[in-house]
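The analysis underlying the following values was restricted to heavy atoms, covering all of them including side chains, and did not include hydrogens, waters or symmetry mates. Everything numeric here is computed off the predicted structure, so don't read it as measured data.
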Amino acid sequence: MIFYSYILLEYTSDLFQCVLYISTMFLYFCGGHCGGQCVKKKLTTQLLNSKMDAGKYYDDNRTGLFISVKKSGVKSWAQKIRFGGKQLELGLGSYPATSLAEARRISTDNKAMTAKGLNPKVERSKPTSIPTFAEVAHDVIKMKQDSLSNAKHKAQWQATLEVYAFPKIGNSPVNEITVNDIHDLLKPIWKSKTETASRLRGRIETVFDYAIVKQMLPPPNPAVWKGNLSALLPQKSKVAEVEHHPALRLEDTQRWWAELKQRDGNGALALQMLTLAGSRSGEIRGMHWHEIKIFDATKAQQLGHFGIWTCPAQRMKAKREHRVPIIKEMLEILLALKKREGLVFPSRNETPLSDMTLSAVMRRMHQADNIGYMDAKSKRPAVPHGLRSTFRDWVAETGQSREAAELQLAHKFGGAVEHAYYRTDLLDQRAKLLSNWAKFLDIPRLLQNPNVAM
């Protein structure tokens with residue numbers, strides 16, 4: 001600019017024109033150019049309340065504060081500020097909701113933050129007050145209850161926190177709770193109620209994860225296990241054995257099955273279907289007719305099974321759709337039912353059977369039998385979920401296909417390479433497996449009628 005001034009002084013006789021040119025150049029470089037009007041001057045309330053042309057108007061308080069005016073007349077505050085070698089643009093609200101004085105105060109505070117090495121964009125997103133653990137937990141519980149499909153798991157999520165966590169840390173600000181607080185909470189029940197304590201720890205960890213993401217406290221998470229609570233509490237496997245569901249013994253299976261087939265009601269029929277398919281209770285109780293496809297005689301003879309039941313992902317534990325081949329014994333149960341729409345095994349109120357309905361059938365069978373149906377290890381009465389273990393024992397004892405059995409049980413088996421190899425669900429093999437299982441269950445009937453094909 002000095003060079004241009006020299007040229008003008010040298011060749012221009014009119015000193016006034018020279019001064020005018022220099023002033024214009026000065027305003028251009030100082031005011032900047034940003035498309036439309038871009039002015040750097042002391043902003044006033046009078047100016048802001050007037051009709052302003054579209055553009056950016058910078059304040060002269062040296063904080064990068066400016067007001068952006070749209071063609072529609074809408075006016076919004078913003079600030080350009082440098083932090084960590086990068087330029088940030090921060091929105092500070094609209095005018096007149098945010099006054100000129102307030103915009104200047106905020107922009108000054110933001111610049112002071114950068115001088116202390118703090119990112120104002122991050123700092124201003126943090127909550128102004130820190131909630132208690134119980135307050136954060138209620139938000140997480142609501143989120144979890146919206147995502148969980150199992151009513152029992154929904155209730156457990158809330159109950160464990162309310163019973164064990166809230167009395168100890170519920171009223172504490174979430175950012176003041178330490179790993180020692182979590183340790184003191186878990187220690188009394190870690191040995192006596194290991195599984196409950198382990199699940200509780202995981203749920204507390206989830207609450208803290210939520211609080212950390214919401215910037216209510218900085219990491220690390222005080223409830224995380226590895227390298228944290230693992231140094232204060234023994235491994236779960238060292239203090240408690242895994243408690244399995246009581247299972248029916250193989251030697252009692254045929255006697256139990258013959259008794260089950262004598263019982264009436266949808267609870268007993270649903271339990272029969274559960275036993276034949278090796279399914280979980282919720283999968284059977286929620287079964288709908290539209291999930292079932294029955295083949296015609298030609299296709300059934302060709303494939304070796306009579307149809308397919310497709311259980312949707314939301315009712316499966318692994319959240320993956322699961323196909324089950326319908327064998328002859330399953331078809332007989334379906335054909336015995338009068339309705340062909342809605343729930344396959346509805347309650348009297350046309351709602352899904354409760355989990356207790358199937359358990360009650362087994363409990364009555366146990367009580368009515370002279371010997372009873374006890375688990376071999378725990379000596380407790382067998383329950384519906386334990387029938388999956390009985391099925392798995394039969395597979396192992398009789399040398400059936402392990403892969404077909406694990407797929408039928410909807411288990412993930414082997415390593416990643418082995419699992420990836422089984423891209424098919426082995427439906428035909430599983431149909432043969434289930435037919436063999438049904439024949440095993442009906443051995444007393446087959447012995448009475450030797451003409452039945454094995």
Is a donor on one side and an acceptor on the other found under 3.5 Å between the side chain of Q158 and the backbone of A155? no
Do K432 and D428 meet the salt-bridge criterion of a basic N to acidic O distance under 4.0 Å? no
Answer yes or no: does atom CD of Q46 have more than 12 heavy-atom neighbours from other residues, nucleotides or ligands under 6.0 Å? no
Taking CG in D109 as the centre, count heavy atoms belonging to other residues, nucleotides or ligands within less than 6.0 Å. Is the count above 12? yes
Keeping S50 on the side-chain end and L47 on the backbone end, is there a donor-acceptor pair under 3.5 Å? yes
So CD1 of I292 and CE of M330: to nearest 0.5 Å the spacing works out to 10.5 Å
Would you say S347 and S354 make side-chain contact, with heavy atoms under 4.5 Å? no
Atom pair CZ/CZ of F133 and F208 - distance to nearest 0.5 Å: 5.5 Å
Q79 side chain to L90 main-chain N or O, any donor-acceptor pair under 3.5 Å? no
What's the verdict on side chain to side chain contact (heavy atoms under 4.5 Å, CB included) for V344 and L337, showing C-alpha distance, side-chain angles and the deciding distance? CA-CA 8 Å; V344 176; L337 299 168; 3.5 Å; yes
Mind checking whether P96 and L48 have side chains closer than 4.5 Å, heavy atoms only? no
Check the side chains of T206 and D209 for a donor-acceptor pair under 3.5 angstrom, ignoring hydrogens and angles. no
So D393 and T390, side-chain hydrogen bond (donor to acceptor under 3.5 Å, both in side chains) or not? Walk me through it. CA-CA 5 Å; D393 290 343; T390 306; 5.5 Å; no
Within the structure provided, determine whether K168 and D184 are in side-chain contact (heavy-atom separation under 4.5 Å). no
Please identify each residue that fulfils ring-ring contact (aromatic ring centres under 6.0 Å, His included) with W309, with sequence neighbours left out. none
If you measure only the distance, is there a donor-acceptor pair under 3.5 Å linking the side chains of R203 and T160? yes
Less than 4.5 Å apart, any side-chain heavy atom of M362 and any of P384? yes
Around atom CG of D264, are there more than 12 heavy atoms from other residues, nucleotides or ligands closer than 6.0 Å? no
Counting only N and O atoms by type, is there a donor-acceptor contact under 3.5 Å from the side chain of S94 to the main-chain atoms of A97? no
Looking at OG1 of T98 and CD1 of I106, how far apart are the two atoms once the value is rounded to the nearest 0.5 Å? 6.0 Å
State, with a plain yes or no, whether a side-chain heavy atom of K75 is found less than 4.5 Å away from one of V69. yes
Measure the shortest side-chain to side-chain distance between N110 and T63 over non-hydrogen atoms and say whether it is less than 4.5 angstrom. no
d(W190 CH2, T196 OG1) to nearest 0.5 Å is 11.0 Å
Report the C-alpha distance between I327 and W437 in whole Å, list the side-chain angles of each, state the deciding distance to 0.1 Å, and finish with yes or no for side chain to side chain contact (heavy atoms under 4.5 Å, CB included). CA-CA 11 Å; I327 60 172; W437 168 240; over 6 Å; no
Run the side chain to side chain contact (heavy atoms under 4.5 Å, CB included) test on Y58 and K80 for me, step by step, so that the C-alpha distance in whole Å, both residues' side-chain angles and the decisive distance to 0.1 Å come before the verdict. CA-CA 10 Å; Y58 282 82; K80 286 186 178 178; 3.5 Å; yes
Would you call R104-D59 a salt bridge at under 4.0 Å N-O? yes
Residue pair L276, L434: steps toward the side chain to side chain contact (heavy atoms under 4.5 Å, CB included) verdict: CA-CA 7 Å; L276 289 167; L434 294 184; over 6 Å; no
Side chains of L358 and V383: does their closest heavy-atom pair fall under 4.5 Å? no
With salt bridge (charged side-chain N to carboxylate O under 4.0 Å, His left out) as the test, would you mind laying out the steps for K317 and E283 before giving the verdict? CA-CA 9 Å; K317 184 177 181 180; E283 298 162 14; over 6 Å; no
Hydrogens and angles aside, do H411 and R388 bring a side-chain donor and acceptor to less than 3.5 Å of each other? yes
Distance in Å, S389 OG paired with L248 CG, rounded so as to fall on 0.5 Å steps: 10.5 Å
In short, L217 meets A211 closest at the heavy-atom pair CD2-CB, 3.3 Å
Taking the six-membered ring for Trp, is the centroid-to-centroid distance between H288 and F345 below 6.0 Å? no
Atom CZ of residue position R340 - does it have more than 12 heavy atoms of other residues, nucleotides or ligands inside 6.0 Å? yes
Is it the case that D181 and T178 place a side-chain donor and acceptor less than 3.5 Å from each other? yes
Would you check if the side chain of H322 reaches a backbone N or O of Q408 as a donor-acceptor pair within less than 3.5 Å? yes
Output, in order, the C-alpha distance, side-chain angles, deciding distance and verdict of salt bridge (charged side-chain N to carboxylate O under 4.0 Å, His left out) for E291 and R315. CA-CA 12 Å; E291 299 168 1; R315 221 163 57 245; 2.7 Å; yes
Over all heavy atoms of both residues, which pair between I130 and V174 is shortest? Give the atoms and the distance, please. CG2-CG1, 3.8 Å
State, to 0.1 Å, how close C311 and M316 come at their nearest heavy-atom pair, and which atoms those are. SG-SD, 3.6 Å
Does NZ belonging to K293 count more than 12 external heavy atoms closer than 6.0 Å? no
Under the 3.5 angstrom rule, does the side chain of S230 hit a backbone N or O of G227 as a donor-acceptor pair? yes
Strictly below 4.0 Å, N to O, side chains only: are E406 and R430 in salt-bridge contact? no
Tightest non-hydrogen contact, residues L331 and I326, listed as N-CG2, 3.9 Å
Going by atom types only, do D355 and S281 share a side-chain donor-acceptor pair under 3.5 Å? yes
Tell me, do K111 and T108 make a side-chain contact under 4.5 Å, heavy atoms counted? no
Is it the case that over 12 heavy atoms from other parts of the model lie below 6.0 angstrom from the CD atom of E350? yes
Where the side chain of K71 meets the backbone of A54, is there a donor-acceptor pair that is under 3.5 Å apart? no
In this structure, CH2 of W225 is separated from CG of L232 (nearest 0.5 Å) by 8.5 Å
Is a side-chain N or O of R285 found less than 3.5 angstrom from the main chain of L353, in a donor-acceptor match? yes
Going by distance alone, is a donor N or O of one side chain under 3.5 Å from an acceptor N or O of the other, for T351 and N349? no
Counting only heavy atoms not in K193, do more than 12 sit closer than 6.0 Å to its NZ atom? no
Give a yes or no answer on whether the side chain of D375 reaches the backbone of A382 with a donor-acceptor pair at less than 3.5 Å. no
Expected output: side-chain S107 to main-chain A103 donor-acceptor under 3.5 Å: yes
Give me the atom names and distance for the closest heavy-atom approach of G267 to V361. C-CG2, 4.0 Å
